[in-house]
Amino acid sequence: MPAAILAFEGVQTTQKYCDKLIDLAMDGGMIIRSGCEIPLNAKEENVAAFLNCCR
């Protein structure tokens, strides 16, 4: 998950990006995580959407 999406985009963009990653990895295991870290200026609602999408 790019840090820029978590910091500057909206919840819908965050969900769409997660859904895209999950669709690409349907046949195998995959770890979805933030690039290097969750940025300090990440929007709380984006982090929540990211975590909910990965469950």
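The model shown is predicted, which means the values in this text are computed figures rather than measured ones.
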Calculate, to the nearest 0.5 Å, the distance between atoms CG and CD belonging to Leu6 and Glu45 respectively.
-> 10.5 Å

Treat each ILVMFWY residue as a node, draw an edge where side-chain heavy atoms are under 4.5 Å apart, and state whether Ile38 and Val11 are in one component.
-> no

Donor-acceptor pair, side chain of Lys43 and main chain of Glu9, under 3.5 angstrom = yes

Co-membership, hydrophobic cluster, residues Leu21 and Ile5, 4.5 Å side-chain | yes

So which heavy atom on Gly10 is nearest to which on Asn46, and how close?
-> C-OD1, 3.2 Å

Is Phe8 reachable from Phe50 through a run of I, L, V, M, F, W or Y residues, each pair having side-chain heavy atoms under 4.5 Å apart?
-> no

Any chance CG of Leu40 has more than 12 other-residue heavy atoms, nucleotides or ligands included, within less than 6.0 Å?
-> no

Rounded to the nearest 0.5 Å, how far does OG1 of Thr14 lie from CG of Asn52?
-> 11.5 Å

Looking only at heavy atoms, what is the nearest atom pair of Ala49 and Gln15, with distance?
-> CB-CG, 4.0 Å

Any idea which heavy atoms bring Val47 and Ala42 closest together, and the distance?
-> CG2-CB, 3.8 Å

